[in-house]
Asks: 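First the structure, then my questions, so here it is.
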Amino acid sequence: MLYYLFEYLDKTLDVPGTGVFQYITFRSALALMLSLLLSTIYGKRIISFLQRQQVGETVRELGLAGQNEKAGTPTMGGLIIIFATLVPVILFAKLHNIYIVLLIVTTLWMGIIGFIDDYIKIFKKDKEGLKGIFKVVGQVGLGLIVGTVLYFSPAVTVRTDTAKSDIFKVPTETVITPAPIEEKSTATTIPFFKNNEFDYAELLAWTGEGYEKWAWLIFIPVVIFIITAVSNGANLTDGIDGLAAGTSAISVLALGIFTFVSGNIIFSNYLNIMYIPSSGEMTVFIAAFVGSLIGFLWYNSYPASVFMGDTGSLTIGGIIAVLAIAVRKEMLIPLLCGIFLVENLSVVLQVSYFKYTKKRFGEGRRIFLMSPLHHHYQKKGYHESKIVTRFWIVAIMLAILSIVTLKLR
């Protein structure tokens with residue numbers, strides 16, 4: 001909202017200095033600072049409210065060190081993340097931007113699903129929470145909305161010809177060149193390849209002429225799968241103090257770099273990457289989101305004063321997925337969100353191997369001492385803080401490697 005106020009002051013009343021609000025970097029810095037303040041200052045008030053409402057975590061007996069001390073710790077702390085993200089976004093972002101609208105919808109949509117899940121666990125005394133089928137339906141519903149908007153909205157376009165432009169050349173003669181073309185496309189980026197653009201529509205080339213118009217049959221299901229997978233991955237990672245929030249902040253910060261350069265014609269030209277008009281505005285949202293995650297760590301670091309619950313973890317996963325898809329970097333998710341992937345795989349492998357050995361040998365056997373993976377290290381005697389810190393270090397390494405793919409081909 002403040003963006004529109006300052007735009008009016010600058011363009012209509014010509015008030016000196018108000019034009020600074022046109023810069024994404026300036027508004028992103030404000031969003032980051034405000035989200036940090038909101039999450040740290042008002043976070044305490046939200047935690048106190050949750051304590052008064054007796055919104056405490058029910059801890060299952062898993063035989064883990066320090067587990068019983070966590071019983072009764074307030075959960076639903078994801079409300080802090082949502083609040084501290086949306087307020088700066090509403091104040092500083094262009095609310096008519098299609099990507100900002102999608103991210104706000106994602107935040108509220110996944111936040112509501114997670115809130116319902118936490119509510120059932122706490123107030124209905126049902127440890128299972130919201131039935132898995134309903135969670136999946138909610139995730140699929142969001143994927144359907146995001147995929148449909150990204151595919152059909154005329155506001156979502158790309159330019160893949162930035163490398164051919166003459167931005168950095170000094171003109172020696174007057175040459176009339178055609179205007180660059182911004183077009184609808186289902187193209188995405190394949191990391192580590194030189195000619196690294198891949199169009200989902202090509203998967204339908206075997207159908208014959210005009211196959212491009214049916215690309216949504218591939219694109220929308222891919223979006224649904226990614227949103228469902230990443231949100232569930234973030235949910236499984238939220239198992240010990242500070243793990244999900246810290247690793248997510250690192251991944252989102254890397255996505256912020258991708259978003260900024262992809263939405264800037266100069267940088268996209270220099271890096272020879274796809275230019276995505278208007279996507280740079282997502283940097284403001286990312287700045288607010290990173291600030292809220294870091295501020296949440298003030299209370300969620302060991303020993304945690306609050307847990308994010310599914311209200312936070314599902315929201316985090318949904319936002320990361322939509323950001324990656326919007327900036328055409330979804331194929332980097334296995335690398336960028338490697339912690340989520342490993343946590344997911346550890347559960348899948350553990351359950352699959354247990355069922356297989358039980359069927360074959362009559363006795364279920366395990367690969368890990370416990371899954372997800374962070375519980376395996378707890379069982380081995382590692383302290384929570386050591387596990388979290390080492391996972392953060394791995395997340396930083398993966399984020400750096402992901403950023404390097406901008407030029408490493």
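Here, residue 1 is the first one in the sequence, and each next residue gets the next number. Side chains are part of it too, since the values below use all heavy atoms of this structure and drop only hydrogens, waters and symmetry mates.
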Asks: Atom CG of Asp310 and atom CG of Asp238: how far apart are they, to the nearest 0.5 Å?
Replies: 7.5 Å
Asks: Side chains of Ile250 and Phe391: closer than 4.5 Å at any heavy-atom pair?
Replies: no
Asks: Taking Ser231 for the side chain and Thr228 for the main chain, is one N or O donor matched with an acceptor at less than 3.5 Å?
Replies: yes
Asks: For the residue pair Arg365 and Phe361, would you count it as a cation-pi contact if the rule is NZ or CZ under 6.0 angstrom from the ring centre and within 45 degrees of the ring axis?
Replies: yes
Asks: Is there a side-chain contact between Arg328 and Phe258 (heavy atoms, below 4.5 Å)?
Replies: no
Asks: Compare all side-chain heavy atoms of Thr315 with those of Ile81 and state whether any distance is below 4.5 angstrom.
Replies: no
Asks: Go through Thr85 and Ser292 one step at a time and tell me if the side chain to side chain donor-acceptor pair (under 3.5 Å) criterion holds.
Replies: CA-CA 6 Å; Thr85 299; Ser292 68; 2.8 Å; yes
Asks: Donor-acceptor pair, distance only, cut-off 3.5 Å: does the side chain of Ser39 make one with the backbone of Leu36?
Replies: yes
Asks: With side chains defined as the heavy atoms from C-beta onward, is the minimum distance between Trp109 and Ile113 less than 4.5 Å?
Replies: yes
Asks: Could you grab the distance from atom CD1 of Ile316 to atom CG of Asn235, nearest 0.5 Å is fine?
Replies: 10.0 Å
Asks: Would the number of heavy atoms belonging to other residues, nucleotides or ligands and lying under 6.0 Å from CZ of Phe192 be above 12?
Replies: yes
Asks: Do Glu330 and Thr188 get their side chains close enough for a donor-acceptor pair, meaning under 3.5 Å?
Replies: yes
Asks: Output yes when a side-chain donor or acceptor of Ser153 lies under 3.5 Å from a complementary backbone atom of Leu150, and no otherwise.
Replies: no
Asks: At what distance, to the nearest 0.5 angstrom, does CG of Leu38 lie from CE of Met33?
Replies: 12.0 Å
Asks: Hey, could you give me the CD1/CG distance between Ile286 and Leu253, rounded to the nearest 0.5 Å?
Replies: 9.0 Å
Asks: Please verify the inter-ring angle class for Trp214 with Trp216; under 30° counts as parallel, over 60° as perpendicular, anything in between as tilted.
Replies: tilted
Asks: Can you tell if the side chain of Thr107 reaches within under 4.5 Å of the side chain of Phe285, non-hydrogen atoms only?
Replies: yes
Asks: Test the Lys44-Phe49 pair against the cation-pi criterion, namely NZ or CZ under 6.0 angstrom from the six-membered ring centroid and within 45° of the ring axis.
Replies: no
Asks: Checking Asn300 side chain against Asp241 main chain: does a donor-acceptor pair fall under 3.5 Å?
Replies: no
Asks: Taking all non-hydrogen atoms of both residues, which atom of Pro74 and which atom of Leu50 are closest, and how far apart?
Replies: CB-CB, 4.0 Å
Asks: Once you measure the plane-to-plane angle for Phe21 and Phe92, does it fall in the parallel (<30°), tilted (30-60°) or perpendicular (>60°) bin?
Replies: tilted
Asks: State, to 0.1 Å, how close Leu314 and Gly114 come at their nearest heavy-atom pair, and which atoms those are.
Replies: CD1-CA, 3.8 Å
Asks: Run the numbers on Leu203 and Tyr211 for side-chain contact (heavy atoms from CB on, under 4.5 Å), then give the verdict.
Replies: CA-CA 9 Å; Leu203 296 174; Tyr211 65 88; over 6 Å; no
Asks: For Val284 and Ala31, which heavy atoms make the closest approach, and how far apart are they?
Replies: O-CB, 3.8 Å
Asks: Can you check whether Ser278's main-chain N or O pairs, donor with acceptor, with Asn97's side chain at less than 3.5 Å?
Replies: yes
Asks: Is a donor on one side and an acceptor on the other found under 3.5 Å between the side chain of Ser371 and the backbone of Leu373?
Replies: no
Asks: Can you check whether Ala187's main-chain N or O pairs, donor with acceptor, with Glu197's side chain at less than 3.5 Å?
Replies: no
Asks: If you round to the nearest 0.5 Å, how far is CZ of Phe219 from CG of Leu204?
Replies: 13.5 Å
Asks: Quick one: does any side-chain atom of Ser346 pair with a main-chain N or O of Glu343 as donor and acceptor, under 3.5 Å?
Replies: yes
Asks: When rounded to the nearest 0.5 angstrom, what distance separates CG in Leu335 from OG in Ser402?
Replies: 3.5 Å
Asks: Taking C-beta and beyond as the side chain, do Met274 and Thr189 meet within less than 4.5 Å on heavy atoms?
Replies: yes
Asks: Is any NZ, NE, NH1 or NH2 atom of the basic residue among Arg159 and Glu183 found under 4.0 Å from an Asp or Glu carboxylate oxygen of the other?
Replies: no
Asks: Check the pair Thr357 / Glu363 against side-chain contact (heavy atoms from CB on, under 4.5 Å), numbers first and verdict last.
Replies: CA-CA 6 Å; Thr357 53; Glu363 179 186 10; over 6 Å; no
Asks: Shortest non-hydrogen contact from Gly291 to Ser35?
Replies: CA-OG, 3.1 Å
Asks: For Ser28 and Thr283, which I'm curious about, is there any donor-acceptor pair between the side chains at under 3.5 Å?
Replies: no
Asks: Any donor-acceptor pair under 3.5 Å linking the side-chain atoms of Asp199 with those of Thr186?
Replies: yes
Asks: Using every non-hydrogen atom in the two residues, find where Thr75 and Gly309 come nearest and quote the distance to one decimal.
Replies: OG1-CA, 3.5 Å
Asks: Do Tyr42 and Leu37 make a side-chain contact, defined as non-hydrogen atoms from C-beta onward lying under 4.5 Å apart?
Replies: no
Asks: Go through the steps to decide whether Leu5 and Leu2 satisfy the test side-chain contact (heavy atoms from CB on, under 4.5 Å), and finish with yes or no.
Replies: CA-CA 5 Å; Leu5 171 62; Leu2 289 179; 4.1 Å; yes
Asks: Is Phe123 atom CZ crowded by more than 12 heavy atoms from other residues, nucleotides or ligands, each under 6.0 Å away?
Replies: yes
Asks: Just checking Tyr200: does its OH atom have more than 12 heavy atoms from other residues, nucleotides or ligands closer to it than 6.0 angstrom?
Replies: yes
Asks: Tell me if the NZ atom of Lys213 is crowded by more than 12 foreign heavy atoms within 6.0 Å.
Replies: no
Asks: Of all heavy-atom pairs between Thr311 and Met76, which one has the smallest distance, and what is that distance?
Replies: OG1-CG, 4.0 Å
Asks: His96 and Tyr4: ring pair (Phe, Tyr, Trp, His ring centres under 6.0 Å), yes or no, with the steps?
Replies: CA-CA 10 Å; His96 63 276; Tyr4 297 103; 5.8 Å; yes
Asks: Under 3.5 Å, is there a donor-acceptor pair between the side chain of Tyr299 and the main chain of Thr40?
Replies: yes
Asks: Check whether any side-chain heavy atom of Phe152 lies under 4.5 Å from a side-chain heavy atom of Lys184, and answer yes or no.
Replies: no
Asks: Could you walk me through whether Val20 and Phe6 pass the side-chain contact (heavy atoms from CB on, under 4.5 Å) test, one step at a time?
Replies: CA-CA 9 Å; Val20 71; Phe6 278 83; 6.0 Å; no
Asks: Should we count CZ of Phe225 as having more than 12 external heavy atoms under 6.0 Å?
Replies: no
Asks: Start with the C-alpha gap between Arg360 and Tyr356, add the side-chain angles, then the distance that decides, and say whether side chain to side chain donor-acceptor pair (under 3.5 Å) holds.
Replies: CA-CA 6 Å; Arg360 181 166 183 178; Tyr356 169 75; 2.5 Å; yes
Asks: Quick one: are the ring centres of His375 and Phe368 less than 6.0 Å apart?
Replies: no
